[in-house]
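Following: one structure in structure tokens, then a few remarks.
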Amino acid sequence: MKRALIAIVVTFLVVLCSCAKNEYKRADFFAMNTYASFLVDTENENILSEAKAEVQRIEKLLSATYDGSDIQNLSSVSEETFSLLEKAHNVAVTTDGCFDYTLGALVKLWNVNGESPKVPSEDEIERTLETCGYENLSLSEGIIETANSKLQIDLGAVAKGYAGGRICAMLKDKGVENACISLGGNISVIGSSRNNLEKGVHGWNVGITDPYDTSHIIGFVNVSEKTVSVSGSYERFFEENGKKYHHIFDRTTGYPAETDLLCVAVISDDGTLADALSTALFVMGYDKAKNFYEEKAFDFEAVFCKKDGSVYVTDGIFHDFVPEENANVVFPQYE
Ligand code: AMP
Ligand code: MG
């Protein structure tokens with residue numbers, strides 16, 4: 001099977017499509033602290049510009065570091081931010097804090113993406129953890145109250161999925177039928193890729209990068225009207241004394257989550273949920289994540305890449321997942 005990988009500068013997920021002459025309009029740029037790549041089936045350049053403007057608007061609204069963002073001024077947040085926080089809170093409660101949007105102080109303490117990160121002292125971690133925790137925050141009728149004045153919100157685990165979903169909805173409202181909005185490890189798609197349309201196949205083929213060899217994929221999922229979000233430990237990390245420290249934290253320890261997973265991809269109709277859950281399931285580790293899936297608190301599918309090299313696929317995505325030849329994929333058991 002021979003496929004051309006468009007060189008999108010994204011290492012968790014890739015969109016598989018041919019470089020056909022009538023390719024959709026494309027924009028590559030940097031936004032939300034990551035590489036963004038938009039492919040939109042339109043002749044109208046303005047629509048592409050509006051999609052770019054929308055991601056920039058959302059970034060300004062939700063950034064923990066942008067002066068004037070809602071997240072920096074919790075006393076007067078927009079309705080939009082408030083409803084996103086309510087959604088994030090619901091995921092935090094349901095995942096028992098494996099996803100927790102109030103870890104801002106801990107994220108800043110570790111500063112994994114900063115210039116010279118180092119492992120903080122036990123004491124610093126302990127003191128910082130006291131300022132974290134979704135239980136210390138209440139959301140009611142548009143008002144946010146915090147039990148701890150030092151609590152800091154960080155929507156880094158959910159904002160890109162939210163933005164992808166919003167932009168796809170906006171494009172649909174403008175009559176766009178086919179589009180792929182890629183923001184770091186999050187890809188939201190509507191309709192079909194040009195390549196698939198030409199073959200009479202519906203949807204987009206979203207490749208999941210092999211965490212052991214990022215120039216390869218372990219396989220792809222064929223999806224439409226969905227977001228695929230990946231969280232993993234192999235992209236953003238630093239090393240100290242031979243040990244790797246990645247950017248997804250376990251709030252029960254204050255350290256990067258110790259998990260048997262290298263990455264997890266979550267597929268959902270809802271971009272916000274896909275993004276939040278990929279972070280949560282990564283923190284849970286495979287066994288807990290599998291139970292969580294089976295409890296069906298949320299509607300989603302997932303692909304898990306374990307450290308032992310095996311790949312697990314949930315029942316509902318089994319028929320739409322195409323593994324690469326050498327991937328060690330364990331499919332669900334059917335009676
Ligand atoms: P993602 O790549 O979507 O898994 O999001 C990771 C980002 O979310 C990190 O860079 C932090 O900004 C933040 N974060 C880290 N750990 C957590 C967590 N357990 N729950 C929620 N957000 C987190
Ligand atoms: Mg996430």
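One-based numbering, in listed order, for ligands and for the atoms of each. Position 1 is the first residue of the sequence; numbering continues from there.
Between R251 and E135 there is a salt bridge, since a side-chain N of the basic residue sits under 4.0 Å from a carboxylate O of the acidic one. A salt bridge links E54 to R166: at least one charged side-chain nitrogen sits closer than 4.0 Å to a carboxylate oxygen. Salt bridge absent: E122 and R127 never bring a charged side-chain N and a carboxylate O closer than 4.0 Å.
Protein heavy atom closest to atom 2 (O) of ligand 1, with residue, atom name and distance, is H247 NE2, 3.4 Å. Atom 20 (N) of ligand 1 has as its closest protein heavy atom D100 N, 2.9 Å. Of the protein's non-hydrogen atoms, F249 N, 2.9 Å is the one closest to atom 16 (N) of ligand 1. The nearest heavy-atom contact from the protein to atom 22 (N) of ligand 1 is A157 CB, 3.3 Å. Ranking protein heavy atoms by distance to atom 11 (C) of ligand 1, first place goes to V107 CG2, 3.7 Å.
Near D275, meaning under 4.0 Å from any of its heavy atoms, are these atoms of ligand 1: 3 (O). Near C98, with a cut-off below 4.0 Å to any heavy atom, the atoms of ligand 1 are 18 (C), 19 (N), 20 (N). Atoms of ligand 1 found under 4.0 Å from any heavy atom of L103 (numbered from 1 in listed order, with element): 17 (C), 18 (C), 19 (N). Listed by number with element, the atoms of ligand 1 under 4.0 angstrom from any heavy atom of S231 are 1 (P), 3 (O), 4 (O). In summary, the atoms of ligand 1 found under 4.0 Å from a heavy atom of F99, numbered by their order in the structure, are 20 (N), 21 (C).
The cationic atom of K296 (NZ for Lys, CZ for Arg) lies less than 6.0 Å from the six-membered ring centre of Y293 and within 45° of the ring axis.
Between F238 and Y245, the ring planes are parallel. Angles under 30° get that label, and only those over 60° would be called perpendicular. Taking the six-membered ring where tryptophan is involved, the planes of Y312 and Y286 are tilted, since the angle between them lies from 30° to 60°.
In this structure, F321 has its ring center at least 6.0 angstrom away from the ring center of F220. Under the 6.0 Å cut-off for aromatic ring centres, F282 and H246 qualify, their centroids lying closer than that.
Residue T279 places at least one N or O, backbone or side chain, under 3.5 Å from an N or O of ligand 1.
Take the Mg ion (ligand 2) as the corner point: the lines to O of A157 and to OG1 of T279 open at 100°, to the nearest 10 degrees.
Residue contact annotation: G97 has no non-hydrogen atom under 4.0 Å from ligand 1.
When heavy-atom distances to ligand 1 are checked against a 4.0 Å cut-off, D154 comes that close only through its side chain, counted from C-beta outward.
Atom CG of N136 is surrounded by more than 12 heavy atoms from other residues, nucleotides or ligands within 6.0 Å.
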